[in-house]
Amino acid sequence: MDAITENLDLYWAGFLTTVSLSLLAGLVAFSLGTLLAAFRVSPFPPLQALGAFYVETFRNTPLTVVWFFMVFALPLLDIALPSFFVAGVLALGLYTAAFVCESVRSGINSVSAGQAEAARAVGLTFTQTLTLVVLPQAFRTVVPPLGNVWIAMVKNSSIGAAFAITELTAVATRLVNTYPADVIAIFAGSAVGYLVITIPSGLLLGVVERRVVILR
Amino acid sequence: MSQPTVLYDVLGPRGRRNVRIGTGVGVVVVLAIVAWIVWRLDASDQLEAERWGILFDTESGVPQSLGRALGNTLRAAVVAMVLSMVIGAFLAAGRLSDHALVRAPVNVVVQFFRGIPLLLLIFFVFLGLPRLGINLDLFWSLVVGLTAYNMAVLAEIFRAGILSIDRGQSEAGYALGLRKSQVMRLVLVPQAVRRMLPAIVSQLVTLLKDTSLGFVIGYFELLRQGRSIVEFLGPRYGLQIYVAVAVVYIAVNLSLSMLARYLDKRTSRNPKVVFDPKAEETEAVVPLGRD
(Lines give C-alpha, C1' and ligand atoms only; values in the text may rest on other atoms or scores of the structure.)
Protein backbone atom coordinates (compact mmCIF):
# COMPACT_ATOMS: atom_id res chain seq x y z
CA MET A 1 0.00 0.00 0.00
CA ASP A 2 3.04 2.28 0.27
CA ALA A 3 2.68 2.98 -3.42
CA ILE A 4 -0.55 4.86 -2.77
CA THR A 5 0.13 6.50 0.57
CA GLU A 6 3.51 7.83 -0.57
CA ASN A 7 2.12 9.18 -3.82
CA LEU A 8 -1.18 10.66 -2.75
CA ASP A 9 -0.11 14.03 -4.14
CA LEU A 10 0.58 12.43 -7.53
CA TYR A 11 -2.87 10.81 -7.53
CA TRP A 12 -4.45 14.08 -6.51
CA ALA A 13 -2.70 15.94 -9.34
CA GLY A 14 -3.78 13.23 -11.78
CA PHE A 15 -7.34 13.41 -10.50
CA LEU A 16 -7.41 17.19 -10.94
CA THR A 17 -6.03 16.84 -14.48
CA THR A 18 -8.72 14.30 -15.34
CA VAL A 19 -11.43 16.56 -13.90
CA SER A 20 -10.23 19.71 -15.64
CA LEU A 21 -9.66 17.90 -18.93
CA SER A 22 -13.19 16.47 -18.74
CA LEU A 23 -14.83 19.74 -17.74
CA LEU A 24 -13.13 21.80 -20.47
CA ALA A 25 -13.73 19.16 -23.12
CA GLY A 26 -17.32 18.91 -21.90
CA LEU A 27 -17.73 22.64 -22.43
CA VAL A 28 -16.39 22.38 -25.99
CA ALA A 29 -18.52 19.31 -26.69
CA PHE A 30 -21.69 20.78 -25.28
CA SER A 31 -21.49 24.10 -27.14
CA LEU A 32 -20.37 22.60 -30.45
CA GLY A 33 -22.77 19.68 -30.14
CA THR A 34 -25.76 21.93 -29.51
CA LEU A 35 -24.77 24.11 -32.46
CA LEU A 36 -24.47 21.04 -34.68
CA ALA A 37 -27.85 19.76 -33.51
CA ALA A 38 -29.33 23.16 -34.43
CA PHE A 39 -27.73 22.75 -37.87
CA ARG A 40 -29.22 19.31 -38.29
CA VAL A 41 -32.78 20.36 -37.46
CA SER A 42 -32.58 23.67 -39.33
CA PRO A 43 -34.48 24.07 -42.60
CA PHE A 44 -31.24 24.75 -44.53
CA PRO A 45 -29.96 21.72 -46.47
CA PRO A 46 -26.27 22.74 -46.59
CA LEU A 47 -26.17 23.16 -42.82
CA GLN A 48 -27.99 19.84 -42.36
CA ALA A 49 -25.41 18.17 -44.58
CA LEU A 50 -22.54 19.80 -42.71
CA GLY A 51 -23.94 18.62 -39.38
CA ALA A 52 -24.54 15.10 -40.67
CA PHE A 53 -21.06 14.92 -42.19
CA TYR A 54 -19.45 16.01 -38.94
CA VAL A 55 -21.41 13.55 -36.86
CA GLU A 56 -20.85 10.57 -39.15
CA THR A 57 -17.13 11.31 -39.43
CA PHE A 58 -16.42 11.74 -35.75
CA ARG A 59 -18.75 8.99 -34.57
CA ASN A 60 -17.00 6.47 -36.78
CA THR A 61 -13.44 7.51 -36.05
CA PRO A 62 -11.84 6.09 -32.90
CA LEU A 63 -11.04 8.75 -30.32
CA THR A 64 -7.45 7.53 -30.32
CA VAL A 65 -7.24 8.44 -34.01
CA VAL A 66 -8.74 11.90 -33.43
CA TRP A 67 -6.28 12.52 -30.59
CA PHE A 68 -3.46 11.18 -32.74
CA PHE A 69 -4.37 13.71 -35.44
CA MET A 70 -4.27 16.56 -32.95
CA VAL A 71 -0.83 15.54 -31.73
CA PHE A 72 0.90 14.15 -34.83
CA ALA A 73 -0.95 15.39 -37.92
CA LEU A 74 -1.61 19.05 -37.14
CA PRO A 75 2.11 19.86 -36.84
CA LEU A 76 2.52 18.50 -40.39
CA LEU A 77 0.15 21.26 -41.49
CA ASP A 78 2.19 23.84 -39.62
CA ILE A 79 -0.57 24.25 -37.07
CA ALA A 80 0.93 24.20 -33.61
CA LEU A 81 -1.27 23.69 -30.56
CA PRO A 82 0.11 25.34 -27.42
CA SER A 83 0.25 22.16 -25.32
CA PHE A 84 -0.67 18.49 -25.10
CA PHE A 85 -3.42 19.48 -22.71
CA VAL A 86 -5.03 21.80 -25.27
CA ALA A 87 -4.72 19.05 -27.90
CA GLY A 88 -6.49 16.74 -25.45
CA VAL A 89 -9.31 19.20 -24.74
CA LEU A 90 -9.83 19.67 -28.48
CA ALA A 91 -9.68 15.97 -29.36
CA LEU A 92 -12.02 14.94 -26.57
CA GLY A 93 -14.33 17.90 -27.15
CA LEU A 94 -14.58 17.57 -30.94
CA TYR A 95 -15.15 13.82 -30.67
CA THR A 96 -17.79 14.05 -27.95
CA ALA A 97 -19.59 16.90 -29.75
CA ALA A 98 -20.84 14.36 -32.28
CA PHE A 99 -22.49 12.34 -29.51
CA VAL A 100 -23.90 15.44 -27.82
CA CYS A 101 -25.37 16.47 -31.18
CA GLU A 102 -27.10 13.15 -31.63
CA SER A 103 -28.52 13.17 -28.09
CA VAL A 104 -29.87 16.71 -28.43
CA ARG A 105 -31.30 16.01 -31.86
CA SER A 106 -33.04 12.87 -30.70
CA GLY A 107 -34.42 14.87 -27.78
CA ILE A 108 -35.91 17.45 -30.15
CA ASN A 109 -37.29 14.72 -32.41
CA SER A 110 -38.85 12.90 -29.48
CA VAL A 111 -41.26 15.80 -28.90
CA SER A 112 -44.31 14.75 -30.83
CA ALA A 113 -45.44 16.97 -33.69
CA GLY A 114 -48.86 17.19 -32.04
CA GLN A 115 -47.36 19.35 -29.28
CA ALA A 116 -46.26 22.00 -31.74
CA GLU A 117 -49.48 21.75 -33.71
CA ALA A 118 -51.47 22.26 -30.53
CA ALA A 119 -49.28 25.23 -29.62
CA ARG A 120 -49.86 26.82 -33.00
CA ALA A 121 -53.56 26.02 -32.81
CA VAL A 122 -53.91 28.04 -29.60
CA GLY A 123 -52.18 30.93 -31.35
CA LEU A 124 -48.62 30.87 -30.00
CA THR A 125 -46.03 32.46 -32.24
CA PHE A 126 -43.04 30.53 -33.56
CA THR A 127 -40.76 31.76 -30.78
CA GLN A 128 -43.33 30.98 -28.12
CA THR A 129 -43.91 27.50 -29.54
CA LEU A 130 -40.21 26.84 -29.44
CA THR A 131 -39.38 28.29 -26.03
CA LEU A 132 -42.55 27.41 -24.15
CA VAL A 133 -43.53 24.06 -25.62
CA VAL A 134 -40.89 22.27 -27.67
CA LEU A 135 -37.55 23.01 -26.02
CA PRO A 136 -38.62 22.46 -22.38
CA GLN A 137 -39.79 18.96 -23.33
CA ALA A 138 -36.73 18.32 -25.47
CA PHE A 139 -34.30 19.27 -22.66
CA ARG A 140 -36.03 16.87 -20.29
CA THR A 141 -35.69 13.86 -22.56
CA VAL A 142 -32.09 14.82 -23.27
CA VAL A 143 -30.91 14.61 -19.65
CA PRO A 144 -30.26 10.83 -19.44
CA PRO A 145 -28.45 10.41 -22.78
CA LEU A 146 -26.36 13.55 -22.14
CA GLY A 147 -25.45 12.15 -18.74
CA ASN A 148 -24.26 8.95 -20.40
CA VAL A 149 -22.20 10.99 -22.84
CA TRP A 150 -20.60 12.87 -19.95
CA ILE A 151 -19.72 9.69 -18.05
CA ALA A 152 -18.34 8.07 -21.19
CA MET A 153 -16.28 11.18 -21.81
CA VAL A 154 -14.74 11.15 -18.34
CA LYS A 155 -13.65 7.58 -18.99
CA ASN A 156 -12.44 8.43 -22.49
CA SER A 157 -10.21 11.15 -21.04
CA SER A 158 -7.95 8.27 -19.94
CA ILE A 159 -6.64 8.11 -23.51
CA GLY A 160 -4.74 11.27 -22.59
CA ALA A 161 -2.30 8.92 -20.85
CA ALA A 162 -1.11 7.83 -24.29
CA PHE A 163 -0.57 11.40 -25.44
CA ALA A 164 1.61 12.88 -22.74
CA ILE A 165 -1.07 14.06 -20.33
CA THR A 166 -0.42 13.02 -16.74
CA GLU A 167 -3.95 12.14 -15.67
CA LEU A 168 -5.17 9.30 -13.48
CA THR A 169 -4.32 6.44 -15.85
CA ALA A 170 -0.87 7.82 -16.57
CA VAL A 171 -0.20 8.00 -12.82
CA ALA A 172 -0.84 4.24 -12.54
CA THR A 173 1.43 3.38 -15.48
CA ARG A 174 4.21 5.45 -13.91
CA LEU A 175 3.96 3.98 -10.44
CA VAL A 176 3.87 0.40 -11.71
CA ASN A 177 7.55 0.55 -12.58
CA THR A 178 8.58 1.97 -9.22
CA TYR A 179 6.44 -0.33 -7.07
CA PRO A 180 6.17 -3.66 -8.92
CA ALA A 181 4.79 -5.39 -5.82
CA ASP A 182 1.73 -3.18 -5.47
CA VAL A 183 0.26 -3.57 -8.96
CA ILE A 184 -3.31 -4.18 -7.91
CA ALA A 185 -3.37 -1.37 -5.35
CA ILE A 186 -1.90 1.08 -7.86
CA PHE A 187 -4.48 0.39 -10.53
CA ALA A 188 -7.26 0.26 -7.95
CA GLY A 189 -6.17 3.74 -6.85
CA SER A 190 -6.71 5.11 -10.34
CA ALA A 191 -9.97 3.19 -10.76
CA VAL A 192 -11.30 4.72 -7.54
CA GLY A 193 -10.42 8.16 -8.93
CA TYR A 194 -12.68 7.54 -11.90
CA LEU A 195 -15.45 5.99 -9.86
CA VAL A 196 -15.40 9.05 -7.58
CA ILE A 197 -16.41 11.07 -10.64
CA THR A 198 -18.69 8.66 -12.47
CA ILE A 199 -20.76 7.18 -9.63
CA PRO A 200 -21.87 10.51 -8.10
CA SER A 201 -22.50 11.81 -11.63
CA GLY A 202 -24.72 8.80 -12.26
CA LEU A 203 -26.61 9.26 -9.00
CA LEU A 204 -27.06 12.98 -9.58
CA LEU A 205 -28.36 12.27 -13.07
CA GLY A 206 -30.80 9.76 -11.67
CA VAL A 207 -32.17 12.43 -9.32
CA VAL A 208 -32.39 15.07 -12.06
CA GLU A 209 -34.01 12.56 -14.37
CA ARG A 210 -36.69 11.68 -11.83
CA ARG A 211 -37.31 15.38 -11.17
CA VAL A 212 -37.78 16.39 -14.78
CA VAL A 213 -39.26 13.23 -16.29
CA ILE A 214 -42.44 13.73 -18.28
CA LEU A 215 -45.00 11.04 -17.85
CA ARG A 216 -46.45 10.18 -21.19
CA MET B 1 -38.55 19.19 -46.07
CA SER B 2 -40.36 15.99 -46.89
CA GLN B 3 -41.38 14.97 -43.38
CA PRO B 4 -43.11 17.39 -41.05
CA THR B 5 -41.06 18.45 -38.10
CA VAL B 6 -42.03 19.67 -34.71
CA LEU B 7 -39.96 22.83 -35.05
CA TYR B 8 -41.65 24.57 -37.94
CA ASP B 9 -44.80 24.36 -40.06
CA VAL B 10 -45.00 23.52 -43.73
CA LEU B 11 -43.47 26.64 -45.22
CA GLY B 12 -45.41 29.29 -47.11
CA PRO B 13 -44.04 31.41 -49.97
CA ARG B 14 -42.17 33.80 -47.70
CA GLY B 15 -40.73 30.98 -45.64
CA ARG B 16 -39.60 29.18 -48.77
CA ARG B 17 -37.87 32.32 -49.97
CA ASN B 18 -36.10 32.69 -46.64
CA VAL B 19 -35.01 29.07 -46.83
CA ARG B 20 -33.64 29.66 -50.32
CA ILE B 21 -31.66 32.66 -49.07
CA GLY B 22 -30.46 30.72 -46.05
CA THR B 23 -29.47 27.83 -48.28
CA GLY B 24 -27.44 30.17 -50.46
CA VAL B 25 -25.67 31.62 -47.44
CA GLY B 26 -25.11 28.10 -46.08
CA VAL B 27 -23.57 26.92 -49.36
CA VAL B 28 -21.23 29.91 -49.33
CA VAL B 29 -20.19 29.22 -45.73
CA VAL B 30 -19.57 25.52 -46.37
CA LEU B 31 -17.63 26.28 -49.56
CA ALA B 32 -15.57 28.85 -47.68
CA ILE B 33 -14.63 26.24 -45.08
CA VAL B 34 -13.69 23.71 -47.77
CA ALA B 35 -11.70 26.34 -49.67
CA TRP B 36 -9.82 27.32 -46.51
CA ILE B 37 -8.91 23.70 -45.82
CA VAL B 38 -7.73 23.16 -49.40
CA TRP B 39 -5.74 26.40 -49.28
CA ARG B 40 -4.20 25.38 -45.98
CA LEU B 41 -3.23 21.96 -47.38
CA ASP B 42 -1.85 23.46 -50.55
CA ALA B 43 0.16 26.06 -48.65
CA SER B 44 2.06 23.24 -46.95
CA ASP B 45 2.36 21.25 -50.21
CA GLN B 46 0.22 18.40 -48.87
CA LEU B 47 -1.74 18.04 -52.10
CA GLU B 48 1.12 16.83 -54.32
CA ALA B 49 -0.02 13.78 -56.29
CA GLU B 50 3.17 11.90 -55.49
CA ARG B 51 2.49 12.16 -51.76
CA TRP B 52 -0.92 10.57 -52.12
CA GLY B 53 0.25 8.13 -54.77
CA ILE B 54 2.21 6.21 -52.17
CA LEU B 55 -1.03 4.88 -50.73
CA PHE B 56 -1.70 2.99 -53.95
CA ASP B 57 1.88 2.20 -54.87
CA THR B 58 2.34 -1.50 -54.12
CA GLU B 59 6.10 -1.21 -54.62
CA SER B 60 6.41 0.99 -51.56
CA GLY B 61 4.79 -1.75 -49.48
CA VAL B 62 2.44 0.77 -47.88
CA PRO B 63 -0.88 -0.72 -49.07
CA GLN B 64 0.25 -4.21 -48.07
CA SER B 65 1.26 -3.25 -44.56
CA LEU B 66 -1.92 -1.23 -44.04
CA GLY B 67 -3.89 -4.25 -45.25
CA ARG B 68 -2.09 -6.52 -42.79
CA ALA B 69 -2.74 -4.00 -40.04
CA LEU B 70 -6.44 -3.94 -40.91
CA GLY B 71 -6.33 -7.73 -40.60
CA ASN B 72 -4.79 -7.39 -37.12
CA THR B 73 -7.44 -4.86 -36.13
CA LEU B 74 -10.29 -7.06 -37.34
CA ARG B 75 -8.82 -10.18 -35.75
CA ALA B 76 -8.60 -8.54 -32.33
CA ALA B 77 -12.07 -7.06 -32.77
CA VAL B 78 -13.75 -10.32 -33.82
CA VAL B 79 -12.18 -12.39 -31.05
CA ALA B 80 -13.11 -9.77 -28.45
CA MET B 81 -16.64 -9.48 -29.90
CA VAL B 82 -17.30 -13.21 -29.66
CA LEU B 83 -15.83 -13.54 -26.17
CA SER B 84 -17.64 -10.51 -24.76
CA MET B 85 -20.99 -11.57 -26.27
CA VAL B 86 -20.73 -15.06 -24.77
CA ILE B 87 -19.55 -13.91 -21.34
CA GLY B 88 -21.96 -10.97 -21.47
CA ALA B 89 -24.86 -13.36 -22.03
CA PHE B 90 -23.87 -15.37 -18.94
CA LEU B 91 -23.49 -12.19 -16.88
CA ALA B 92 -26.91 -10.98 -18.03
CA ALA B 93 -28.41 -14.33 -17.03
CA GLY B 94 -26.70 -13.93 -13.64
CA ARG B 95 -28.09 -10.43 -13.18
CA LEU B 96 -31.60 -11.68 -13.98
CA SER B 97 -31.27 -14.60 -11.58
CA ASP B 98 -33.87 -15.17 -8.87
CA HIS B 99 -31.17 -15.90 -6.32
CA ALA B 100 -29.65 -12.89 -4.60
CA LEU B 101 -26.48 -14.91 -3.99
CA VAL B 102 -25.91 -15.04 -7.74
CA ARG B 103 -27.31 -11.63 -8.54
CA ALA B 104 -25.24 -9.59 -6.08
CA PRO B 105 -21.70 -10.66 -7.07
CA VAL B 106 -22.50 -10.57 -10.79
CA ASN B 107 -23.92 -7.11 -10.28
CA VAL B 108 -20.70 -5.96 -8.63
CA VAL B 109 -18.59 -7.40 -11.47
CA VAL B 110 -20.71 -5.74 -14.15
CA GLN B 111 -20.84 -2.34 -12.46
CA PHE B 112 -17.13 -2.38 -11.74
CA PHE B 113 -15.96 -3.18 -15.25
CA ARG B 114 -18.45 -0.77 -16.75
CA GLY B 115 -17.39 2.04 -14.47
CA ILE B 116 -13.68 2.22 -15.16
CA PRO B 117 -11.97 3.35 -18.35
CA LEU B 118 -11.09 0.71 -20.91
CA LEU B 119 -7.54 1.99 -21.26
CA LEU B 120 -6.94 1.50 -17.54
CA LEU B 121 -8.08 -2.13 -17.93
CA ILE B 122 -5.81 -2.66 -20.90
CA PHE B 123 -2.88 -1.15 -19.02
CA PHE B 124 -3.66 -3.38 -16.06
CA VAL B 125 -3.59 -6.48 -18.25
CA PHE B 126 -0.49 -5.32 -20.09
CA LEU B 127 1.59 -3.84 -17.26
CA GLY B 128 -0.01 -5.25 -14.13
CA LEU B 129 -0.66 -8.93 -14.82
CA PRO B 130 2.97 -9.76 -15.72
CA ARG B 131 3.96 -8.62 -12.23
CA LEU B 132 1.48 -11.16 -10.87
CA GLY B 133 3.01 -13.89 -12.99
CA ILE B 134 0.51 -13.88 -15.84
CA ASN B 135 2.17 -13.08 -19.15
CA LEU B 136 -0.01 -12.38 -22.14
CA ASP B 137 1.24 -11.31 -25.54
CA LEU B 138 0.14 -8.01 -27.08
CA PHE B 139 -2.80 -9.52 -28.94
CA TRP B 140 -4.27 -11.16 -25.85
CA SER B 141 -3.57 -8.15 -23.63
CA LEU B 142 -5.71 -6.10 -25.96
CA VAL B 143 -8.39 -8.76 -26.37
CA VAL B 144 -8.67 -9.48 -22.64
CA GLY B 145 -8.95 -5.76 -21.86
CA LEU B 146 -11.57 -5.22 -24.55
CA THR B 147 -13.52 -8.29 -23.43
CA ALA B 148 -13.51 -7.36 -19.75
CA TYR B 149 -15.03 -3.99 -20.54
CA ASN B 150 -17.45 -4.93 -23.30
CA MET B 151 -18.83 -8.05 -21.62
CA ALA B 152 -20.11 -5.79 -18.84
CA VAL B 153 -21.64 -3.28 -21.25
CA LEU B 154 -23.21 -6.02 -23.37
CA ALA B 155 -24.54 -7.73 -20.24
CA GLU B 156 -26.44 -4.53 -19.44
CA ILE B 157 -27.76 -4.29 -22.99
CA PHE B 158 -28.94 -7.90 -22.86
CA ARG B 159 -30.56 -7.42 -19.48
CA ALA B 160 -32.31 -4.23 -20.56
CA GLY B 161 -33.51 -6.03 -23.69
CA ILE B 162 -35.02 -8.92 -21.73
CA LEU B 163 -36.65 -6.55 -19.24
CA SER B 164 -38.13 -4.47 -22.06
CA ILE B 165 -40.33 -7.38 -23.14
CA ASP B 166 -43.88 -7.00 -21.91
CA ARG B 167 -44.48 -8.89 -18.67
CA GLY B 168 -47.54 -10.54 -20.17
CA GLN B 169 -45.26 -12.55 -22.40
CA SER B 170 -43.44 -14.33 -19.58
CA GLU B 171 -46.66 -14.61 -17.55
CA ALA B 172 -48.31 -16.33 -20.51
CA GLY B 173 -45.32 -18.65 -20.76
CA TYR B 174 -45.56 -19.60 -17.08
CA ALA B 175 -49.33 -20.04 -17.41
CA LEU B 176 -48.69 -22.63 -20.10
CA GLY B 177 -46.50 -24.50 -17.63
CA LEU B 178 -43.10 -23.63 -19.09
CA ARG B 179 -40.13 -23.62 -16.77
CA LYS B 180 -38.05 -20.49 -16.25
CA SER B 181 -35.33 -21.61 -18.63
CA GLN B 182 -37.95 -22.40 -21.26
CA VAL B 183 -39.65 -19.04 -20.88
CA MET B 184 -36.27 -17.38 -21.29
CA ARG B 185 -35.23 -19.47 -24.27
CA LEU B 186 -38.52 -19.79 -26.14
CA VAL B 187 -40.35 -16.58 -25.29
CA LEU B 188 -38.13 -13.78 -24.06
CA VAL B 189 -34.81 -14.16 -25.87
CA PRO B 190 -36.20 -14.41 -29.42
CA GLN B 191 -38.19 -11.21 -28.95
CA ALA B 192 -35.46 -9.41 -27.06
CA VAL B 193 -32.78 -10.16 -29.65
CA ARG B 194 -34.78 -8.35 -32.30
CA ARG B 195 -35.21 -5.35 -30.09
CA MET B 196 -31.59 -5.26 -28.94
CA LEU B 197 -29.91 -5.68 -32.30
CA PRO B 198 -29.31 -1.97 -32.99
CA ALA B 199 -27.88 -1.43 -29.50
CA ILE B 200 -25.68 -4.52 -29.80
CA VAL B 201 -24.31 -3.55 -33.20
CA SER B 202 -23.57 -0.01 -32.07
CA GLN B 203 -21.67 -1.41 -29.09
CA LEU B 204 -19.74 -3.68 -31.45
CA VAL B 205 -18.84 -0.63 -33.54
CA THR B 206 -17.52 0.96 -30.35
CA LEU B 207 -15.51 -2.18 -29.66
CA LEU B 208 -14.05 -2.09 -33.13
CA LYS B 209 -13.08 1.54 -32.65
CA ASP B 210 -11.52 0.71 -29.30
CA THR B 211 -9.12 -1.77 -30.86
CA SER B 212 -7.20 1.39 -31.78
CA LEU B 213 -6.15 1.46 -28.12
CA GLY B 214 -3.79 -1.34 -29.17
CA PHE B 215 -1.73 1.59 -30.44
CA VAL B 216 -0.98 2.54 -26.87
CA ILE B 217 0.51 -0.81 -25.88
CA GLY B 218 2.25 -1.35 -29.21
CA TYR B 219 -0.02 -3.93 -30.87
CA PHE B 220 0.36 -3.54 -34.63
CA GLU B 221 -3.14 -2.50 -35.56
CA LEU B 222 -3.92 0.20 -38.11
CA LEU B 223 -2.85 3.24 -36.14
CA ARG B 224 0.40 1.78 -34.81
CA GLN B 225 1.22 0.49 -38.28
CA GLY B 226 0.50 3.93 -39.77
CA ARG B 227 2.78 5.52 -37.19
CA SER B 228 5.59 3.08 -37.88
CA ILE B 229 5.29 3.58 -41.66
CA VAL B 230 5.62 7.31 -41.09
CA GLU B 231 8.61 6.79 -38.82
CA PHE B 232 10.13 4.70 -41.59
CA LEU B 233 9.34 6.93 -44.57
CA GLY B 234 9.73 10.23 -42.79
CA PRO B 235 7.20 12.99 -42.14
CA ARG B 236 6.81 13.73 -45.83
CA TYR B 237 4.04 11.17 -46.11
CA GLY B 238 2.69 11.65 -42.59
CA LEU B 239 -0.63 13.29 -43.31
CA GLN B 240 -1.41 10.98 -46.22
CA ILE B 241 -0.87 7.81 -44.17
CA TYR B 242 -2.82 9.13 -41.20
CA VAL B 243 -5.71 10.17 -43.43
CA ALA B 244 -5.68 6.70 -45.00
CA VAL B 245 -5.85 5.10 -41.54
CA ALA B 246 -8.77 7.32 -40.53
CA VAL B 247 -10.59 6.63 -43.81
CA VAL B 248 -10.24 2.86 -43.36
CA TYR B 249 -11.67 3.12 -39.84
CA ILE B 250 -14.54 5.30 -40.99
CA ALA B 251 -15.32 2.97 -43.91
CA VAL B 252 -15.39 -0.16 -41.76
CA ASN B 253 -17.44 1.46 -39.00
CA LEU B 254 -19.85 3.15 -41.38
CA SER B 255 -20.62 -0.16 -43.04
CA LEU B 256 -21.28 -1.73 -39.64
CA SER B 257 -23.48 1.24 -38.66
CA MET B 258 -25.36 0.94 -41.93
CA LEU B 259 -25.91 -2.74 -41.21
CA ALA B 260 -27.33 -1.69 -37.84
CA ARG B 261 -29.70 0.80 -39.46
CA TYR B 262 -30.79 -1.82 -42.00
CA LEU B 263 -31.46 -4.35 -39.24
CA ASP B 264 -33.35 -1.72 -37.30
CA LYS B 265 -35.58 -1.00 -40.29
CA ARG B 266 -36.15 -4.68 -40.95
CA THR B 267 -37.14 -5.44 -37.39
CA SER B 268 -39.45 -2.46 -37.12
CA ARG B 269 -41.11 -3.56 -40.36
CA ASN B 270 -41.74 -7.00 -38.94
CA PRO B 271 -45.47 -7.22 -38.10
CA LYS B 272 -44.75 -9.54 -35.18
CA VAL B 273 -43.00 -6.72 -33.35
CA VAL B 274 -45.70 -4.44 -32.08
CA PHE B 275 -44.68 -0.82 -31.99
CA ASP B 276 -43.67 0.13 -28.52
CA PRO B 277 -42.33 3.62 -27.89
CA LYS B 278 -40.41 2.31 -24.90
CA ALA B 279 -38.31 0.10 -27.16
CA GLU B 280 -36.33 3.15 -28.16
CA GLU B 281 -35.37 3.68 -24.57
CA THR B 282 -33.52 0.39 -24.32
CA GLU B 283 -30.26 2.23 -24.61
CA ALA B 284 -31.23 4.88 -22.13
CA VAL B 285 -31.89 2.24 -19.50
CA VAL B 286 -28.17 1.48 -19.46
CA PRO B 287 -26.94 4.25 -17.17
CA LEU B 288 -23.18 3.95 -17.52
CA GLY B 289 -23.05 3.15 -21.24
CA ARG B 290 -20.11 4.28 -23.26
CA ASP B 291 -20.80 6.47 -26.25
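A quick note: this is a predicted structure, and the numbers were derived from the prediction, not measured. Because only heavy atoms are used, hydrogens play no part in the values below, and waters and symmetry mates are left out as well, while side chains stay in. Convention: sequence-line order gives letters A, B, ...; per-chain numbering from 1.
With a 4.5 Å cut-off on non-hydrogen atoms, A/Leu168 does not touch chain B at all. Only the side chain of B/Leu132 comes within contact range of chain A, judged by heavy atoms closer than 4.5 Å. The contact between A/Phe72 and chain B is made by backbone and side chain atoms together, counting heavy-atom distances below 4.5 Å. Contacts between B/Val25 and chain A at a heavy-atom distance below 4.5 Å are absent for every atom of the residue. Only the side chain of B/Phe215 comes within less than 4.5 Å of a heavy atom in chain A; its backbone stays farther off. Heavy atoms closer than 4.5 Å to chain B are found nowhere in A/Ser103, neither backbone nor side chain. Using a 4.5 Å cut-off between heavy atoms, B/Val27 contacts chain A through both its backbone and its side chain. Only the side chain of B/Ser257 comes within contact range of chain A, with at least one heavy atom under 4.5 Å from a heavy atom of that chain.
If you tally non-hydrogen atom pairs under 4.5 Å between each of B/Val30, B/Leu223, B/Val252 and chain A, the highest count goes to B/Leu223. Listed options A/Ile184, A/Leu76, A/Thr61 were ranked by heavy-atom pairs under 4.5 angstrom with chain B; first place goes to A/Leu76. The greatest number of non-hydrogen atom pairs below 4.5 Å with chain B, out of A/Leu47, A/Thr173, A/Ile186, is found for A/Thr173. Contact count against chain B (heavy-atom pairs under 4.5 Å) is highest for A/Phe68 among A/Phe68, A/Phe69, A/Phe163.
Scanning all heavy atoms of the two residues, the minimum distance from B/Leu119 to A/Ala161 falls at CD2-CB, 4.3 Å. Across all non-hydrogen atoms, the minimal contact from A/Ala191 to B/Ile116 is CB-CG2, 3.6 Å. Of all heavy-atom pairs spanning A/Phe44 and B/Thr23, the tightest one is CD2-N, 3.8 Å. Of all non-hydrogen atoms in B/Ser212 and A/Thr64, the two that sit nearest each other are OG-OG1, 2.9 Å.
From B/Leu213, atom CG reaches atom CG of A/Leu63 across 8.5 Å, with rounding to the nearest 0.5 Å. To the nearest 0.5 Å, atoms CZ (B/Arg131) and CG (A/Asn177) are separated by 5.5 Å. Within the model, atoms CG of A/Leu50 and CD1 of B/Ile33 stand 5.5 Å from one another, a figure rounded to the nearest 0.5 Å. Rounding to the nearest 0.5 angstrom, the gap separating the CG atom in B/Leu239 from the CG atom in A/Leu74 is 9.0 Å.
Using a 4.5 Å heavy-atom threshold, the side chains of A/Lys155 and B/Leu118 count as separate. Using a 4.5 Å heavy-atom threshold, the side chains of A/Asn156 and B/Pro117 count as separate. Side-chain contact between A/Glu56 and B/Leu254: present, with at least one pair of heavy atoms (C-beta onward) separated by less than 4.5 Å. Proximity of B/Arg40 to A/Ile79: side-chain heavy atoms (C-beta onward) are separated by under 4.5 Å at one or more points. Under the 4.5 Å side-chain criterion, counting only non-hydrogen atoms from C-beta, A/Pro46 is not in contact with B/Val29. Residues B/Tyr249 and A/Val65 have side chains in contact (heavy-atom distance under 4.5 Å, counting atoms from C-beta outward).
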For A/Arg59 and B/Ile250, what are the C-alpha separation, side-chain angles and deciding distance, and is it a side chain to side chain contact (heavy atoms under 4.5 Å, CB included)?
CA-CA 9 Å; A/Arg59 262 210 316 191; B/Ile250 294 173; over 6 Å; no
Might you work through the side chain to side chain contact (heavy atoms under 4.5 Å, CB included) test for A/Ser158 and B/Leu120, ending with a clear yes or no?
CA-CA 7 Å; A/Ser158 65; B/Leu120 195 67; 5.7 Å; no
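With ring centers used as reference points, B/Phe123 lies 6.0 Å or more from A/Phe187.
Crowding of A/Tyr179 atom OH: a count of heavy atoms from other residues, nucleotides or ligands under 6.0 Å exceeding 12.
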